[in-house]
Amino acid sequence: MQLFEDIKKSTQDAVETVFGKPVDIENIAIQHTRKDFDGDVTIVVFPLLKISKKPPEETAEMLGNYLKESVDTVSDFNVVKGFLNLVISDSYWVNVLGKITENVSFGIETTNSGKTIMVEYSQPNTNKPLHLGHLRNNMLGYSLANILMANGHKVIKANIINDRGIHICKSMLAWLRWGKGETPESTGLKGDHLVGKYYVEFNTHYQAEIKDLVSNGATLEEAEKTAPLILEAQEMLKKWEAGDSGTVSTWKEMNSWVLKGFDASYKTLGVDFDEIYYESNTYLLGKEHVAKGLDKGYFYKKDDGSVWCDLKEAKLDPKLLLRSDGTSVYITQDIGTAVQRFEDYKLDRQIYVVGNEQNHHFQVLFAILKKMGYAWAASNYHLSYGMVELPSGKMKSREGTVVDADDIMDEMVSTAKKLSLELGKLDDMPEDEREELFKIIGLGALKYYLLKVEPKKQMLFDPEESIDFNGHTGPFIQYSYTRIQSLVKKAGANYNNDNGYGYDLDPLEKGIIKLINQYPSIIKEAGDSLSPALIANYVYELAKEFNHFYQSLPILKLDDEQIAAFRINLAETTGRVIKSAMNLLGIDVPDQM
RNA sequence: GCACCCGUAGUUCAACUGGAUAGAAUAUCUGACUUCGGAUCAGAGGGUUGGGGGUUCGAAUCCCUCCGGGUGUACCA
């Protein structure tokens, strides 16, 4: 933030002038003054005591005097222990607001950083519909992409669809055997749900077979490996890989259903992609890199023909890259796609948004890339997020406790509808606009709930509580926004911000300006630390501060037109920041609710 | 066993990356102009930051150790 930079520099000068010794600017500890103390900016003087050779209070006092005298923006100061609290003049804040008001793209970095970043997220499997965990993933990825763009980077949003493998064959097999030719059209089911139904069907029969085998004396492990269904699924996978036309055409058909279903979910959720990769196209990538690595001695071959990478330097176990029969494993593909992407797009960075259960996988992947000598290996980052748990514990598909993405989105929207109709403020709104509004509110609640928690932390999703629209929630922020819009609308065009405005700011007014002023640095911080949660918590704080102001001070009822104009402008600018921040989170804000 | 992550009011989450008296929400209790939108606002109670050591002017934050929870540790993806 500019103010901090300026004060830091002034303090640096002050130290040199007052104590006769230069100080490194890194040693000047600056922060926002806590609410329960007077002032706006606080210098922590402890790190300066070595230079001042005086007690903290005296050091602070001397610096405060100097700053008050020589810096225009510092209008006063006070000292509490080792903390020098500076009061910044009201005219400075009024000026700041004026500049922000004029800046159409306030907070958003408009000059290109020259960096290209790929953010990969979503990564669904085509054997079943999306669930709550995917929603967290999608929102994190989408929001992160927005935040990185707001930091001036070029961002490529990528998705990779895991559309091949044994799990798909399971659904296919079950559908062929028990599906009676069902289609999304014939059943009215969404394609991904229909296919998911057969994935469950497969498992039901598979479990029954296992139980049978076990009761006939097999161990569980044996049973799992030798049940007829699993053998048949494996057989099907081989046929798929061999390009068997019947298998491939079933696969194509069922995949198209699923993908259509995913598109609908993505559309409802409001996320999108610039580049969609399909594992069926990429799964063979990487073999030639392994061969090359073998030549160069990065990898080694065992007697049975399997290829391995030694990762002692990274303190990891050796990793298999090619099976003894020459086929590739999952990580082989990841090596291939990483190389391809960095080469195709000249990426400066790639971020994988993937759950923390794959921490080890990415550690290994990045270590291998490093060993292969790629300079960009260190530019890969695994944004690892925690699992979403339910009050009953983990989501388990076998126990039917998985929260389906489409279901929860529907539920949130219908709750928004119910609540809105109860409040009865929408009588003059046309039906189609209302439906749109319920979506904005319901999804706003859901998305905000998922994003306000620090990504790496595991989080709890309580279906009862998350439906709450009061308190620290998306709808609370949306509501604050609508009140601002209503206010601005009522004020009409007959107000303008008076630049020469000079009166004592109310602490509530100043509080809002200070928060708004922080917005660009919050965006930067969120970009640096890859955390949408920072934006989420910031915008909540801003809305809360505004509500407090709105409740306590008159605006349109004022006789003093100058002050009224100032406050309307303040409200409008707050509204703009709220909207901008919410959009970074992928959340819409309505004008009325 | 080993590796990584997490542990903060009853509950769900913050704490500007080492700064002041650890903040919100929720739940509970109390209050708010005859209302610029009450999906709001104000107030009260609620904490040995899992325990114990250390590092320093200063620790929820860094280090060690123990306890509790999660995730991983495949010729699966």
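Naming: A, B, ... by sequence-line order, numbering from 1 per chain. Hydrogens, waters and symmetry mates play no part in the numbers below; they use all other heavy atoms, side chains included.
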Might you list the N or O atoms of the protein lying below 3.5 Å from N or O atoms in nucleotides 55-62 of chain B, with each pair's distance?
none

Which atom pairs link the protein and nucleotides 27-35 of chain B when you take only N or O atoms and keep those under 3.5 Å?
| from | atom 1 | to | atom 2 | distance (Å) |
| --- | --- | --- | --- | --- |
| rC33(B) | N4 | Gln551(A) | O | 3.1 |

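Of all nucleotides listed (rU21(B), rU71(B), rU40(B)), rU21(B) comes nearest to the side chain of Lys81(A). Closest approach to the Arg323(A) side chain among rC76(B), rA39(B), rA15(B) is made by rC76(B) (side chain taken as heavy atoms from C-beta onward). Candidate nucleotides rA42(B), rC76(B), rA20(B) were compared by shortest atom distance to the side chain of Lys544(A), and rA42(B) ranks first. The side chain of Leu419(A) has rA39(B) as its nearest neighbour among rA39(B), rG37(B), rU21(B). Here the nucleotide nearest the side chain of Asn547(A), chosen from rA77(B), rA14(B), rC41(B), is rC41(B). Residue Lys490(A) has its side chain nearest to rG37(B) when only rG37(B), rU40(B), rG7(B) are considered. Side chain of Val329(A), nearest nucleotide from rC75(B), rU12(B), rG19(B): rC75(B).
Nucleic acid contact class of Leu460(A) (heavy atoms, under 4.0 Å, all strands): sugar-phosphate only. At a threshold of 4.0 angstrom between heavy atoms, the contacts of Leu49(A) with the nucleic acid are absent. Among the protein residues, Val44(A) comes within range of the nucleic acid bases, having at least one heavy atom under 4.0 Å from a base atom. Within 4.0 Å of Lys425(A), counting heavy atoms only, lies at least one base atom of the nucleic acid. Nucleic acid contact class of Tyr330(A) (heavy atoms, under 4.0 Å, all strands): base. Within 4.0 Å (heavy atoms only), Ile43(A) reaches no atom of the nucleic acid at all. At the heavy-atom level, Tyr540(A) lies under 4.0 Å from the strands shown only through sugar-phosphate atoms. Heavy atoms of Leu316(A) sit nowhere under 4.0 angstrom from any nucleic acid atom. Heavy atoms of Glu454(A) sit under 4.0 angstrom from primed sugar atoms or phosphate atoms, though from no base atom. Across all strands, Ser529(A) comes closer than 4.0 Å to base atoms (heavy-atom distances). Among the atoms of the strands shown, only primed sugar atoms or phosphate atoms (P, OP1, OP2) are found under 4.0 Å from some heavy atom of His548(A). Residue-level contact check: Gln592(A) touches the bases, meaning some heavy atom is under 4.0 Å from a base atom. Using a 4.0 Å heavy-atom criterion, one finds that Met459(A) contacts the sugar-phosphate atoms exclusively.
A cation-pi contact links Lys302(A) to Trp308(A), judged by a cut-off of 6.0 Å to the six-membered ring centre and 45° from its axis. Judged by the 6.0 Å and 45° rule, Arg136(A) forms no cation-pi pair with Tyr385(A).
Using a cut-off of 4.0 Å between Lys/Arg side-chain N and Asp/Glu carboxylate O, Asp310(A) and Lys312(A) are scored as salt-bridged. Taking a cutoff of 4.0 Å between a charged side-chain nitrogen and a carboxylate oxygen, Glu57(A) and Lys81(A) do not qualify as a salt bridge.
Side-chain atoms of Asn359(A) and base atoms of rC5(B) include no donor and acceptor less than 3.5 Å apart. For a distance-only test at 3.5 Å, the side chain of Asp334(A) fails to qualify as a donor-acceptor partner of the base of rA77(B). A donor-acceptor contact under 3.5 angstrom links the side-chain atoms of Thr42(A) to the base of rA20(B). A donor-acceptor contact under 3.5 Å links the side chain of Ser420(A) to the base of rA39(B).
Using C1' as the reference atom, rA74(B) and rC16(B) are 43 Å apart when rounded to the nearest Å. Across the C1' atoms, rA60(B) and rU49(B) are found 5 Å apart, a figure rounded to whole Å. Spacing between rU21(B) and rA15(B) at atom C1', rounded to whole Å, works out to 14 Å. Across the C1' atoms, rG45(B) and rA25(B) are found 16 Å apart, a figure rounded to whole Å. Comparing the same atom, C1', in rU26(B) and in rU65(B) gives a spacing of 36 Å after rounding to whole Å. Comparing rU11(B) with rG47(B), their P atoms are spaced 12 Å from each other, to the whole Å. Comparing rG58(B) with rU17(B), their C1' atoms sit 16 Å apart, to the nearest whole Å. The C1' atoms of rA59(B) and rC63(B) are separated by 12 Å, rounded to the nearest whole Å.
Between Asn470(A) and rU26(B), a side-chain N or O to OP1/OP2 separation shorter than 4.0 Å is absent.
The salt bridge (charged side-chain N to carboxylate O under 4.0 Å, His left out) check on Asp36(A) picks up Arg34(A), with sequence neighbours excluded. A search for salt bridge (charged side-chain N to carboxylate O under 4.0 Å, His left out) contacts involving Glu389(A) returns nothing, not counting sequence neighbours. Residues forming a ring-ring contact (aromatic ring centres under 6.0 Å, His included) with Phe77(A) (at least two apart in sequence, or on another chain): none. A search for salt bridge (charged side-chain N to carboxylate O under 4.0 Å, His left out) contacts involving Glu5(A) returns nothing, not counting sequence neighbours. Remark: Asp588(A) pairs with no residue by the salt bridge (charged side-chain N to carboxylate O under 4.0 Å, His left out) rule, at least two apart or across chains.
Within the structure, salt bridge (Lys or Arg N to Asp or Glu O under 4.0 Å) pairs that include any residue of residues 450-460 of chain A do not occur (at least two apart or interchain). The list of side-chain hydrogen bond (donor to acceptor under 3.5 Å, both in side chains) pairs with a residue in residues 513-523 of chain A, not counting sequence neighbours, reads Asp40(A)-Lys514(A), Tyr519(A)-Ser580(A). Sorted by first then second residue, the side-chain hydrogen bond (donor to acceptor under 3.5 Å, both in side chains) pairs that include residues 23-33 of chain A, not counting sequence neighbours, are Thr33(A)-Thr42(A).
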Hey, can you pull the donor-acceptor pairs under 3.5 Å for the side chains in residues 468-475 of chain A, sequence neighbours left out?
| from | atom 1 | to | atom 2 | distance (Å) |
| --- | --- | --- | --- | --- |
| Asp468(A) | OD1 | Asn470(A) | N | 3.0 |
| His472(A) | NE2 | Tyr448(A) | OH | 2.9 |
| Thr473(A) | OG1 | Phe469(A) | O | 3.1 |
| Thr473(A) | OG1 | Phe476(A) | N | 3.2 |

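Heavy-atom minimum distance, Thr332(A) versus Lys287(A): CG2-N, 4.1 Å. Taking all atoms of both residues into account, the shortest heavy-atom contact from Ala564(A) to Ile555(A) is CB-O, 3.6 Å.
The aromatic ring of Phe476(A) does not sit over the base of rA39(B); the criterion of centres under 5.5 Å apart with planes under 30° is not met. Ring-to-base geometry places Phe37(A) in a stacked arrangement with rA20(B) (centre distance under 5.5 Å, plane angle under 30°).
Residues Lys452(A) and Ala29(A) both approach RNA chain B. Their nearest nucleotides, taken by heavy-atom distance, put Lys452(A) toward the 5′ side. For the pair Asp304(A) and Gln458(A), nearest-nucleotide mapping onto RNA chain B gives the more 5' position to Gln458(A).
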For this session: Taking Watson-Crick and G-U wobble pairs with both distances under 3.5 Å, convert RNA chain B into its dot-bracket string, 5' to 3', dots for unpaired and | for cross-strand pairs.
Result: (((((((..((((.....[...)))).(((((.......))))).....(((((..]....))))))))))))....

